[in-house]
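The chains referred to below are lettered A, B, ... by the order of the sequence lines, with proteins before strands, and numbering in each begins at 1.
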Number of protein chains: 2
Amino acid sequence: MYTPFESIYTSLRHRICLLDYPPGTVLRESQLASEFGVSRTPIRAVLQKLSYDGLINSQDGVGNIVTEPGDEEIFDIYQMRIKLAEWIGYARPRELTDQDHDIAIALRQRAEILTQKFEISEYWMINHDQHLLISSVIGNSAMRQMWDQLYYRAARMWYQHIRDNPSGAADSLLAETTEVCRAIYEKNSIALGHVQSNYISYGLKNLGGAGPRDAVSE
Amino acid sequence: MYTPFESIYTSLRHRICLLDYPPGTVLRESQLASEFGVSRTPIRAVLQKLSYDGLINSQDGVGNIVTEPGDEEIFDIYQMRIKLAEWIGYARPRELTDQDHDIAIALRQRAEILTQKFEISEYWMINHDQHLLISSVIGNSAMRQMWDQLYYRAARMWYQHIRDNPSGAADSLLAETTEVCRAIYEKNSIALGHVQSNYISYGLKNLGGAGPRDAVSE
DNA sequence: TTATACCAAGCTGTATACACCATATCAATT
DNA sequence: AATTGATATGGTGTATACAGCTTGGTATAA
């Protein structure tokens, strides 16, 4: 948010995740450069990072195309997120504090309001803030890095699904935030990870995928 | 290996992993540009990717400094590798073939020769080829990506340790390749992952770390 | 009418000149 | 002598001009 790079990178990632740039959109470097008031050079740096993140695909002579995740890829990413979530409590978690609980309570309140008047943007922001909270709990830096990366790769699909099927989304989110509150109140980071894993799993089910072939059975 | 980018990227990563560029080394863009016969621009792209990989650290006005992993980071990376390896067999593995077995047999033979005449470079190449083989088994693309990334982040530490303590390294590698051979012969990718997990765990122990504080106990 | 070959326009990839930043050196002052 | 300040030097970050690739359109010939 502070350096120009971070600011532009966050903006573009936000647009891709919220489908302002739906899959297939062609991003032109010169256009983005003029929009953000910089030259093509820093824009290219941002696009390269987005490319490493798997969010766009740069093709010489054509443009930077927002990727369209296939069914297999969606399944793979969700499977990884489910597994990683199970490990959150074992990845050198920092101690959960009363302040964490306050934040979680606030998120639950926002989710409760959402059940009365649903707004997709607010739904997203609650999800996002909860992700930031939980991510901050992970002490293992390698783990946290992967956790964040997969979150942003999965966000589009989830957002699209909720946008098309908003019924029940607020109730589910309220239930999730409630469970998160409890786990944090109990200062039990292992439980916190399990809650995450469960709700990601529910999400995968709702997305309609039990996997490309046979589901993973451990 | 084909595009100039891939070629330069692989070269520099190789040099960092094999400690040709030990931690603290300052990489100058113009110097690398003249060495590879290109301008600073593609060099910068490579360095940015290496920065995302956590192998270097770009500082404005100073240079691109090869990172020095701290004890905590080493432990985190190893813990993740141990956990991910356990999971290889469940990450949509492709079917193991007789050709895989032939490759594994060849690796074991090279390891056997290594026990008679140890050479650190050959040790590294066997390890690397084995990594490529096992990585190719992972069908879950998100998982494979993380697996590769952590491998290159951990390689330096392991290489340094073996270089300083070569005794027993060849025997251990021979044992590992033997177990890999067996798992592949049995076409059991779950076992293959467990073998990997075990030997990574042995490696962490040898590196001298049971963790920064208390070890993870699941 | 259809197919093919060429061409033009626009994009990304590259090279290079310039601006800004960090640091080491050296002189001036206390 | 020690310290502080300016300054020169060499680095990365940025802007821009150019080269190479892709693609859509068009003209021409079968």
Go through the structure and list residues passing side-chain contact (heavy atoms from CB on, under 4.5 Å) with [X], not counting sequence neighbours.
X	answer
A:Tyr202	A:Asn198, A:Tyr199
A:Gln160	A:Leu19, A:Arg163, A:Asp164
A:Asp102	none
A:Pro42	A:Val38, A:Ser39

>> Heavy atoms within less than 4.0 Å of DNA chain D: which residues of residues 24-35 of chain B have one? Give them sorted by number.
In response: B:Leu27, B:Arg28, B:Glu29
> Under the ring-ring contact (aromatic ring centres under 6.0 Å, His included) test, which residues partner A:Tyr159, sequence neighbours left out?
Replying inline: A:Trp124
>> Among residues at least two apart in sequence or on other chains, which ones pass ring-ring contact (aromatic ring centres under 6.0 Å, His included) with A:Tyr52?
In response: B:Tyr52
>> In this structure, how many angstroms lie between the P atom of D:dG11 and the CG atom of B:Asn64, rounded?
In response: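 Result: 11 Å.
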> salt bridge (charged side-chain N to carboxylate O under 4.0 Å, His left out) with B:Asp148: which residues, sequence neighbours excluded?
Replying inline: none
> According to the salt bridge (charged side-chain N to carboxylate O under 4.0 Å, His left out) rule, which pairs have a member within residues 42-60 of chain B, sequence neighbours left out?
Replying inline: B:Glu29-B:Arg44
> What heavy-atom pair brings A:Thr25 and A:Tyr21 nearest, and what distance separates the two atoms?
Replying inline: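 Between these two residues, the closest heavy atoms are OG1-C, 3.5 Å.
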>> Per the ring pair (Phe, Tyr, Trp, His ring centres under 6.0 Å) rule, what does the pair list look like for residues 28-49 of chain B, sequence neighbours excluded?
In response: none
> Under a criterion of less than 4.0 angstrom to any heavy atom of chain B, what are the 5'-terminal and 3'-terminal contacting nucleotides of DNA chain C?
Replying inline: C:dT14 to C:dA22
>> Below 4.0 angstrom, which residues in residues 38-60 of chain B have at least one non-hydrogen atom near DNA chain C?
In response: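 Within residues 38-60 of chain B, the residues near DNA chain C are B:Val38, B:Ser39, B:Arg40, B:Thr41, B:Pro42, B:Asp60.
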